[in-house]
Each structure stands twice: as structure tokens, then as C-alpha cells.
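Here's the structure, in C-alpha cells; my notes come after.
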Amino acid sequence: MDWDHLRFFAALAQTSTLAGAARVLGVEHTTVARRIQALEQHMGCPLFVREASGHRLNAAGQQLLPVAQAMEQAVRGMEQLSMPQASAAAEVAGMVRVGVPEGLGVQLLAAPLAQLAQQYPKLSIDLLALPRLMHLSRREADIVISLERPKRGTVVVSKLADYHLYLYGERQYLARRPLVRSSEDLRHHQFIDYVDDLLFTKELQLLAQIYKPRQYVFRSTSIAAQYAAVRAGAGLAVLPAFLADKDPLLQRVLPDTATFEKTFWMSMPQESRTVPRIQVVWRFLKGMAKPLEERLQP
């Protein structure tokens, strides 16, 4: 038996859908389906009840779930052992560069990472919160958080958190314009977006999935600049919920249809697993995964 099948089984049991399990594991949903089918063939019985809403564990699946969870915990324990702990704070010394998307870095990671650095007198953290992708292969950063899961190179990859984006407008701006009931009504509005030829990841090509404007009133490589332009009443833009929802001046537009879910992935070179200063920051960020997930929920 391929014990790795249990990892796919546990993910599907947790999320109830092939797409959800695929997102958690960073694979295609067809891979999840294939793994589950192989596991059921090995066990000699179905493990899920297939319903319109997804996959629900049957009696056999419920019996297997504790075994899969125990295996998952054991693997995580082995991973922690393979990344030796620094014996004392004094051993953690030097600079660690963390490359992150601008919004996440400024809004949610800057303060916690600054506090982490205070715990280690000889540790220095460079937070590269830039509107472009940092490359591990070029040694631009020690740890990279990105919207695309790395598929090349000898790297360690871990899912950090999912987050949501919506179309937003400033309330007074929206009051002056025709009411938006469908995407067709967006023709009466102005738009704010990224600069096409400077967009660093296709994961942020979102506005065109809702509506393709003939022209833009404002474009920027910076999500902070786009946010400021929306607040100024210049037009509509797709913004992260963790940035825009807390702003009383802004309002979601077409909240049921103009919605997107993306994932932040964390990666570092394989050889960095044994570097104390890097592993301290890596473990800290992994520990933030659950709190971040809760804060990023709309």
C-alpha cells in the first residue's frame, strides 16, 4: 500500500470536495480522485458516499480516519525532527530575507516578524514586500511567499493560507453611479487595475474575469496604490478582503459573483532546512498559518 494515499484521504475527509482537497494539497483534483480510487481498491470497499454537495465519509471511512490522522501527525513530527532546533537564541544570528506580496506583507506580517526579530538579539529580518515575485534560485530571498505554488527546483513548499478577493467601490462613488445588479451594469463605471505588462503573476488577472473595460481610469503595480485610488472614489477594483473589508468607506460590488479565492504558498531552498536563522523564521510563519487563515476569512 502507498501510505501517501492516506494524506489525500485525510484532506478529502477534511474538505469534503475534490477541489478543496486539491487546493490544500497543491495538486489537481484529478490527482485526488485517482489517489482515493487507488486507496479504495486496496481497502476493498468505498470510503466515501458521493453526494451532490461533495464527499461524505461512510462507516469504513470513519474507521480509517483516525489512522490517517495519526499517520499525518507522525510525518509532521518527523519533519520537525529533520529541522533541528536552535539550542539557544544566541545561536540564531544573521539576516533572513522574506519575500512576500505587498498587501500580505504590509498588513499582516510586518508587525509579527518585527516582534520575532526582537526575540533573537542577533537576528535581522528583511521583509521584501514588493509587487513582484522574489526568486529563490537567484538568492533574492531566503523564504518566499507567493500566489503560485513552486513547481521547479529543489525547494520545501508549505501552504500558508487561503484568502478572498472581491470587487469594491467607495460608497459615495457608488451612490453617484447607476446601481450594479449584474456585470452588464459595470459599463457605467470606471476601473482600477494592475499594469498589464508589469503584472508579476497571472493569479492576479482577476478583473477581466468579471468585466473587460475599454480603458482604465488608473492602474498601478501596487495594490496599496489601487486601494488608495478606490478610497478616493476613482472607480472600482478587485481588492483583498483582508485589506478592504475593514474600511467603512468601501463596499463590495456584486458580492455573490465577483468573488475569488487564492492561496498563499511558502517556499525555501531544501538546503535551508539546516540553517538555524532561516528555520526559526520558517517555523514561525508556519505557526501563523492557522491564525492567518482565520483573519483572512471574509
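Below, all heavy atoms of this structure are taken into account, side chains as well, without hydrogens, waters or symmetry copies.
- Between His189 and Tyr173, a ring centre-to-centre spacing shorter than 6.0 Å is recorded.
- Atom CD of Gln215 is surrounded by 12 or fewer heavy atoms from other residues, nucleotides or ligands within 6.0 Å.
- Listed here is the closest heavy atom pair of Leu18 and Leu12: N-CD1, 3.8 Å.
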Could you go through the side-chain contact (heavy atoms from CB on, under 4.5 Å) check for Leu130 and Phe200 one step at a time? CA-CA 10 Å; Leu130 301 172; Phe200 63 95; over 6 Å; no
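- Going from atom CD1 of Ile223 over to atom CD of Gln107 covers 10.5 Å, rounded to the nearest 0.5 Å.
- In this structure, the side chain of Glu170 engages the main chain of Gln172 through a donor-acceptor pair within 3.5 Å.
- Separation of atoms CG (Leu292) and CG (Leu108) is listed at 6.0 Å; rounding is to 0.5 Å.
- Ring pair Phe264/Tyr163 is parallel by interplanar angle, where below 30° counts as parallel and above 60° as perpendicular.
- With a 6.0 Å radius and a threshold of 12 heavy atoms from other residues, nucleotides or ligands, Glu261 has its CD atom above the threshold.
- Atom OG1 of residue Thr201 and atom NZ of residue Lys262 lie 8.0 Å apart, to the nearest 0.5 angstrom.
- A 4.5 Å side-chain heavy-atom check between Ile192 and Val217 finds at least one atom pair inside the cut-off.
- Under the 4.0 Å criterion applied to side-chain N and carboxylate O atoms, Asp247 and Arg231 are assigned as salt-bridge partners.
- No more than 12 heavy atoms of other residues, nucleotides or ligands lie within 6.0 Å of NE2 in His29, so this atom counts as exposed by the packing criterion.
- Side-chain contact between Val280 and Tyr120 is present, with at least one heavy-atom pair separated by less than 4.5 Å.
- No continuous path of hydrophobic side-chain contacts links Leu64 to Val49 [ILVMFWY only; heavy atoms under 4.5 Å].
- When all heavy atoms of Val281 and Leu123 are compared, the pair lying nearest together is CG2-CD2, 4.4 Å.
- Annotation: the span from Leu296 atom CG to Thr263 atom OG1 amounts to 10.5 Å, rounded to 0.5 Å.
- Judged by distance alone, the side chain of Asp142 and the main-chain N or O of Arg97 form a donor-acceptor pair under 3.5 Å.
- Counting heavy atoms from C-beta outward, Pro213 and Leu207 have side chains that approach closer than 4.5 Å.
- In this structure, Tyr166 has its ring center no closer than 6.0 Å to that of Phe260.
- A pairwise comparison of heavy atoms in Val100 and Gly105 identifies CG2-CA, 3.4 Å as the closest pair.
- When side chains are defined from C-beta on, Leu57 counts as touching Phe9, because their heavy atoms get closer than 4.5 Å.
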Determine, step by step, whether His188 and Arg177 satisfy the side-chain hydrogen bond (donor to acceptor under 3.5 Å, both in side chains) criterion, reporting the C-alpha distance in whole Å, the side-chain angles of both residues, the deciding distance to 0.1 Å, and the verdict. CA-CA 7 Å; His188 303 295; Arg177 299 275 176 156; over 6 Å; no
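- Looking at heavy atoms from C-beta onward, Leu47 lies out of side-chain contact with Ile36 at the 4.5 angstrom threshold.
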Could you walk me through whether Phe48 and Arg56 pass the side-chain contact (heavy atoms from CB on, under 4.5 Å) test, one step at a time? CA-CA 5 Å; Phe48 293 90; Arg56 176 173 54 85; over 6 Å; no
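- When atom types are taken as modelled, the side chain of Thr15 and the backbone of Ala21 share a donor-acceptor pair closer than 3.5 angstrom.
- Residues Tyr227 and Tyr168 place their aromatic rings such that the two centres sit no closer than 6.0 Å.
- Counting heavy atoms from C-beta on, the side chains of Leu236 and Val230 never come closer than 4.5 Å.
- Here the CD1-CG distance, from Ile145 to Leu127, works out to 8.5 Å after rounding to the nearest 0.5 Å.
- Under the 4.5 Å side-chain heavy-atom criterion for Ile, Leu, Val, Met, Phe, Trp and Tyr, Val106 and Leu109 are members of distinct hydrophobic clusters.
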Please set out all donor-acceptor pairs under 3.5 angstrom arising from side-chain atoms of residues 250-257, sequence neighbours excluded.
| from | atom 1 | to | atom 2 | distance (Å) |
| --- | --- | --- | --- | --- |
| Gln251 | OE1 | Arg171 | NH1 | 3.1 |
| Arg252 | NE | Asp245 | OD1 | 3.3 |
| Arg252 | NH2 | Asp245 | OD2 | 2.6 |

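- Between Gln190 and Ala234, the shortest heavy-atom contact is OE1-O, 3.1 Å.
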CA sep, side-chain torsions, deciding dist, call: Arg35, Leu39, side-chain contact (heavy atoms from CB on, under 4.5 Å): CA-CA 6 Å; Arg35 292 283 197 148; Leu39 178 61; over 6 Å; no
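- Annotation for Thr17 and Ser53: closest pair CG2-O, 3.8 Å, computed over non-hydrogen atoms.
- For Ser220, the side chain to side chain contact (heavy atoms under 4.5 Å, CB included) partners two or more places apart in sequence, or in a different chain, are Phe218, Ser222, Ala225, Gln226.
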Going through the distances and angles, do Ser16 and His55 end up as a side-chain contact (heavy atoms from CB on, under 4.5 Å)? CA-CA 5 Å; Ser16 301; His55 288 60; 5.6 Å; no
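- Looking at Arg277, its side chain does come within 3.5 Å of a backbone N or O of Met95 through a donor-acceptor pair.
- In terms of modelled atom types and a separation under 3.5 Å, the side chain of Asn58 and the main chain of Pro46 share a donor-acceptor contact.
- Few gaps surround CZ on Arg187; more than 12 heavy atoms of other groups in view lie less than 6.0 Å from it.
- Here the side chains of Met268 and Arg273 are in contact, with some heavy-atom distance below 4.5 Å.
- Around CZ of Arg50, the count of heavy atoms belonging to other residues, nucleotides or ligands within 6.0 Å exceeds 12.
- Note that the OG1 atom of Thr154 and the CD atom of Glu271 stand 7.5 Å from one another [nearest 0.5 Å].
- Using a 4.5 Å heavy-atom cutoff, the side chains of Met266 and Val144 are not in contact.
- Residues Val195 and Thr221 share a closest heavy-atom pair of CG2-N, 4.1 Å.
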